[in-house]
Undergrad: 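Let me give you the structure first, and then I'll get to my questions.
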Amino acid sequence: MGDFNRSVIFDAIRRAPEGCSRVELVEITGLSTQTVSNIARRLLDDDFIVEAGKTSAAGLGKPRTILRLNPVGLYAGGVHIDPAVMTFVLLDLTGQVVAHARHRTPKASDPEHVMSRIRDHVERLVVDSGIAREKIVGLGLAAPGPIDQERGTIVDPPNLHGWHRVPLRDALEDATGLPVLVDKDVTAAAVAETWAGGASGTGSFVFLYLGTGIGAGLALGDELMRGVSGNAGEIGHIVADPDGPPCACGQRGCIAVTITPQAMVEEAERLGVLRAAPHESAPEIDVQFARLCASADAGNAVARGILDLAADRTARAVAVITNLLDVDRVVFGGPFWARLEARYLERVPPRLAEYSATIALRELEVVGTGVGDDVAAVGAASLVLERTFAPTANRLLLQG
């Protein structure tokens with residue numbers, strides 16, 4: 001219980017950007033004054049929090065000491081493996097990026113080569129940051145699923161060919177000397193939102209991740225939902241358009257064949273908006289998708305129609321998830337989000353409202369990520385902070 005209570009106190013301070021006093025912590029957590037005082041002292045001794053001046057208000061008695069997170073108390077590293085690009089970050093204890101690098105994914109179908117480059121880039125990032133290695137509590141790695149969390153392996157992800165049960169965790173722990181956590185990129189993105197996204201990462205939300213593939217990260221009551229095997233959020237075969245193209249699963253109009261960047265590119269080529277070009281790899285899809293979006297922005301009516309239809313299909317698919325889970329909001333993000341943001345934020349909310357089972361009770365909020373383009377890499381590092389400090393139900397159960 002002591003470890004869980006420490007996490008509760010830490011989390012309460014983390015969620016108060018201006019800091020809070022010991023008296024406020026008692027009110028927020030329901031813990032006793034003595035427990036709060038003892039835990040605050042231990043967090044101060046460990047340099048995880050600092051005393052940040054005093055505050056007073058009329059009728060509140062003597063001034064109260066404000067406690068805040070100590071940004072330099074601890075750091076976490078994060079790596080996002082995407083079929084097209086690898087992103088590396090170091091976060092401080094408040095979730096702010098203090099070091100960043102991005103590199104093309106070399107020979108994405110060769111896991112050994114990719115892992116060797118990851119090791120080199122992590123080492124360079126740490127050295128260039130000037131952060132003492134002992135201050136880095138661990139390294140998080142976000143990758144396309146499915147993943148085997150128990151073994152720390154990636155299991156045949158559709159967009160990383162040749163990655164059959166690749167032992168990422170063990171290989172990178174041996175290479176870097178740091179503890180390593182492996183999770184799905186969509187889950188990592190949702191974790192990033194809870195740690196660094198601000199208001200959009202509170203309560204219950206669905207994080208719709210728009211990458212080479214599309215997935216969902218799920219948070220209910222400020223806690224991430226990972227599923228029995230750690231692979232919750234595989235939404236590719238939710239039907240987004242019953243009249244859409246056939247899918248390999250036997251249905252028509254699944255997310256996987258209607259609203260992924262590749263699906264939009266194929267539609268644009270079929271309608272003559274784009275010249276046919278190779279798009280078997282993620283970088284090739286990225287190039288063609290950029291051309292499609294540029295054409296739409298330049299006023300091409302057919303290109304705009306393709307993106308508008310994708311937005312409408314997205315709303316229909318997302319409604320299936322939000323009606324099932326009854327969340328506070330939908331958060332969009334991922335490497336392709338910036339190109340779609342303006343159009344999706346205009347078209348998705350009213351259409352989502354049409355399909356909402358609770359529209360008579362409340363409006364469902366739809367927002368873009370508060371973290372930015374590197375949400376999966378930030379999320380990878382946030383995984384380490386979450387494992388270290390978050391007051392999850394799993395942490396409480398482990399105390400028994």
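When a residue number appears, it is its place in the shown sequence, counting from 1.
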Undergrad: Does the side-chain contact (heavy atoms from CB on, under 4.5 Å) test come out yes or no for Arg252 and Val239, once each step is laid out?
TA: CA-CA 7 Å; Arg252 298 189 69 90; Val239 174; over 6 Å; no
Undergrad: State plainly whether one hydrophobic cluster holds both Val122 and Leu141, where clusters connect Ile, Leu, Val, Met, Phe, Trp and Tyr through side-chain heavy atoms under 4.5 angstrom apart.
TA: yes
Undergrad: Walk me through it: do Asp148 and Val182 pass the test side-chain contact (heavy atoms from CB on, under 4.5 Å)?
TA: CA-CA 9 Å; Asp148 183 334; Val182 177; over 6 Å; no
Undergrad: My understanding is that only one of Thr194, Leu218, Val330 makes a side chain to side chain contact (heavy atoms under 4.5 Å, CB included) with Phe205; could you say which?
TA: Thr194
Undergrad: Of Asp297, Asp373, Asp286, which meets salt bridge (Lys or Arg N to Asp or Glu O under 4.0 Å) against Arg339?
TA: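 Of all the options given, the one that passes is Asp286.
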Undergrad: Just how far is it from atom CG of Leu43 to atom CG of Leu67, taken to the nearest 0.5 Å?
TA: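 Taking CG in Leu43 and CG in Leu67, the distance rounds to 8.5 Å.
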Undergrad: What's the shortest heavy-atom distance between Pro146 and Asp156, and which atoms?
TA: CD-O, 4.2 Å
Undergrad: State the CD1-CG distance between Ile49 and Leu93, to the nearest 0.5 angstrom.
TA: 10.5 Å
Undergrad: If we ignore hydrogens and angles and just use 3.5 Å, is the side chain of Asp241 paired with the main-chain N or O of Gly253 as donor and acceptor?
TA: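 No, the answer is negative, given that no donor and acceptor are paired below the 3.5 Å cut-off.
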Undergrad: Would you please indicate yes or no on a ring centroid separation below 6.0 angstrom for Tyr209 and Phe332?
TA: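 Judged by ring-centre distance (under 6.0 Å), Phe332 and Tyr209 do not meet the cut-off.
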Undergrad: Quick one: do the Gln288 and Glu269 side chains pair a donor with an acceptor below 3.5 Å?
TA: yes
Undergrad: Could you state whether Val327 and Val320 fall into the same hydrophobic cluster, counting links through intermediate Ile, Leu, Val, Met, Phe, Trp or Tyr residues with side-chain heavy atoms under 4.5 angstrom apart?
TA: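 Yes, one cluster joins them.
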Undergrad: Before accepting this row, confirm whether a basic side-chain N of the pair Glu386/Arg226 lies closer than 4.0 Å to the acidic partner's carboxylate O.
TA: yes
Undergrad: If every non-hydrogen atom of Asn323 is compared with every non-hydrogen atom of Ala357, which pair is closest and at what distance?
TA: OD1-N, 2.9 Å
Undergrad: Identify the two heavy atoms, one from Ile321 and one from Ala216, that lie closest to each other, and give their separation to 0.1 Å.
TA: CD1-CB, 4.5 Å
Undergrad: Check this for me: does any side-chain nitrogen of one of Arg270 and Glu267 sit under 4.0 Å from a carboxylate oxygen of the other?
TA: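 Counted as a salt bridge, because a side-chain N and a carboxylate O are separated by less than 4.0 Å.
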Undergrad: Any Lys/Arg nitrogen of Arg42 or Asp45 sitting under 4.0 Å from an Asp/Glu carboxylate oxygen of the other?
TA: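 No, no charged N to carboxylate O under 4.0 Å.
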Undergrad: Do Asp222 and Arg15 meet the salt-bridge criterion of a basic N to acidic O distance under 4.0 Å?
TA: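 Looking at Arg15 and Asp222, the cut-off is met.
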Undergrad: Check Thr202 against Gly198 and note the closest heavy-atom contact, atom names and distance.
TA: CG2-O, 3.8 Å
Undergrad: Begin with the C-alpha distance, continue with both residues' side-chain angles, and end with the deciding distance and a verdict on side-chain contact (heavy atoms from CB on, under 4.5 Å) for Val26 and Ser32.
TA: CA-CA 6 Å; Val26 170; Ser32 70; over 6 Å; no
Undergrad: Got a second to check how far Ser129's OG is from Lys135's NZ, nearest 0.5 Å?
TA: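 The OG atom of Ser129 sits 13.0 Å away from the NZ atom of Lys135.
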Undergrad: Check this for me, if you would: do Lys184 and Glu234 make a salt bridge, where the nitrogen-to-carboxylate-oxygen distance has to be below 4.0 angstrom?
TA: yes
Undergrad: What about Ile235 and Tyr344, same hydrophobic cluster or not, with Ile/Leu/Val/Met/Phe/Trp/Tyr joined at side-chain heavy-atom distances under 4.5 Å?
TA: yes
Undergrad: With the threshold set at 4.0 Å, does a side-chain nitrogen-carboxylate oxygen contact exist between Arg117 and Glu112?
TA: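 No, Arg117 and Glu112 are not salt-bridged.
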Undergrad: Nearest 0.5 Å please: distance from the OG atom of Ser382 over to the CG atom of Leu181.
TA: 11.5 Å
Undergrad: Quick test of your reading of the model: are Asp308 and Arg343 salt-bridged, counting only N-O distances below 4.0 Å?
TA: yes
Undergrad: Salt bridge check, Glu150 against Arg169: does any charged N sit closer than 4.0 Å to a carboxylate O?
TA: no
Undergrad: Hey, any chance Met115 and Ile147 share a hydrophobic cluster, counting ILVMFWY side chains that come within less than 4.5 Å of each other, even indirectly?
TA: yes
Undergrad: For the atom pair OG1 (Thr314) and CD1 (Ile214), what is the distance rounded to the nearest 0.5 Å?
TA: 6.0 Å
Undergrad: Does Arg102 pair with Asp374 as a salt bridge, N-O distance under 4.0 Å?
TA: yes
Undergrad: Rounded to the nearest 0.5 Å, what separates atom OG1 in Thr176 from atom CG in Asp120?
TA: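 So the OG1 of Thr176 and the CG of Asp120 are separated by 11.5 Å.
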Undergrad: Is the backbone N or O of Ser229 less than 3.5 Å from a side-chain atom of Asn231, with the two atoms forming a donor-acceptor pair by type?
TA: yes
Undergrad: Are Asp326 and Arg362 within salt-bridge range, i.e. N to O under 4.0 Å?
TA: yes
Undergrad: I'd like to know if the side chain of Asp92 and the backbone of Thr94 have a donor-acceptor N/O pair within less than 3.5 Å.
TA: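 Side chain of Asp92 to backbone of Thr94, a donor-acceptor pair under 3.5 Å: yes, one is there.
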Undergrad: Should Glu193 and Thr369 be marked as a side-chain hydrogen bond (donor to acceptor under 3.5 Å, both in side chains) after you check the CA-CA gap, both sets of side-chain angles, and the distance that decides it?
TA: CA-CA 7 Å; Glu193 208 67 26; Thr369 175; 2.7 Å; yes
Undergrad: Go through the steps to decide whether Met264 and Phe289 satisfy the test side-chain contact (heavy atoms from CB on, under 4.5 Å), and finish with yes or no.
TA: CA-CA 8 Å; Met264 286 185 258; Phe289 188 68; 3.8 Å; yes
Undergrad: Please answer: with hydrophobic residues joined when any side-chain heavy atoms are less than 4.5 Å apart, are Leu340 and Val331 in the same cluster?
TA: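 Hydrophobic grouping puts Leu340 apart from Val331.
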